[in-house]
Amino acid sequence: MKTIREPHLMQRQADDLRLGGKRIALVPTMGALHGGHAALIREARTRGDAVVVTLFVNPAQFGEGEDYGRYPRDIDGDVRLASGAGGDILFAPETAAMYPPGYRTFVNVEKLSLPLEGAVRPGHFRGVATVVTKLLNITKPHCALFGQKDAQQVVVLRRMVRDLDFGVEIVVVPTVREEDGLAMSSRNAYLTPAERGEAPALYRSLRMAEELVRAGERSAGAVIAAITREITGRSSAAIDYVSVADAESLEPLSTLSPGASVLVSLAARFGTTRLIDNIHITL
Ligand code: PAF
């Protein structure tokens, strides 16, 4: 697997690939790769002639007091996983190459960036939209793949590529889970053994919510209350939010109507570790 560190060299490589008629599939990551990233890279392999994996811990999407400084970094392990899953090129720029002195330009996807994660992490999606714009301009892909675990990120980025005419296909890959249901995440590495034992409560609560809805529950409030009870009754987690929203507009729903496309999402803290998860229900 070839590693490229300079944006202009990556751009030149992308131009060469495109001139040679190759289809570029992009998997943007912040490193600390796990099975969820491997699934994205494997899917990218089926969609592109050249699979570019980017590895950049983007300071612009972390707020003050968040885990930017301690975000897990393991470039050797990342190269092994990415090449084993079918990656061809690793683009791993330095921060100064992405945000040189005098950097002033940010991309903001209005409204969709504000609720849920955006409410707890102000400025997060401005950072995500900005870095993904830069990564798309640098790697010039035909398609870019993202995990369903970051459901709001997918909604924000889909809107962004439509609104700004990027001409890139956004491909969403289902969440990959540990055997006990915990969604794979680089942040799972922060959990203590006791917290790791409790963390599957998140997905359990979402599955229980889906069963309630499939059994006829139509009140979003009742679904939220059931999820909250399951998590707080069976773990020490502190809940940031539980939401039942329209899957595209992210507007909160009060009633689940026939035909609705519903995103049930949550964020909770186990000690200092913040985890998110979601399920998508189509009625
Ligand atoms: O999902 C992530 O890992 C990040 O938000 C992304 C898309 C790589 C942007 O930094």
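Ligands are counted one by one from 1 in listed order, and the atoms in each one are counted from 1 as well. Along the sequence shown, residues carry numbers from 1. Owing to the predicted nature of the structure, the values given are computational and were not obtained by experimental measurement.
- A salt bridge is absent between Glu198 and Arg234; no separation between the charged side-chain nitrogens and carboxylate oxygens falls under 4.0 Å.
- For ligand 1, the atoms closer than 4.0 angstrom to any heavy atom of Val131 are 9 (C), 10 (O).
- By the 4.0 Å N-to-carboxylate-O rule, Glu110 lies too far from Arg126 to be salt-bridged with it.
- Each of the following atoms of ligand 1 lies closer than 4.0 Å to a heavy atom of Gln61: 4 (C), 5 (O), 9 (C), 10 (O).
- Between Gln153 and ligand 1, at least one N/O pair is under 3.5 Å apart.
- Contact annotation: for Leu135 versus ligand 1, there are no heavy atoms closer than 4.0 Å.
- For the side chain to side chain donor-acceptor pair (under 3.5 Å) test, no residue two or more places apart in sequence or in another chain qualifies with Asn137.
- In this structure, a donor-acceptor pair under 3.5 Å is present between the side chains of Asp67 and Tyr190.
- Listed by atom number, the atoms of ligand 1 under 4.0 Å from Pro28 heavy atoms are 8 (C).
- With no hydrogens or angles considered, no side-chain donor-acceptor pair links Tyr71 and Glu66 at under 3.5 Å.
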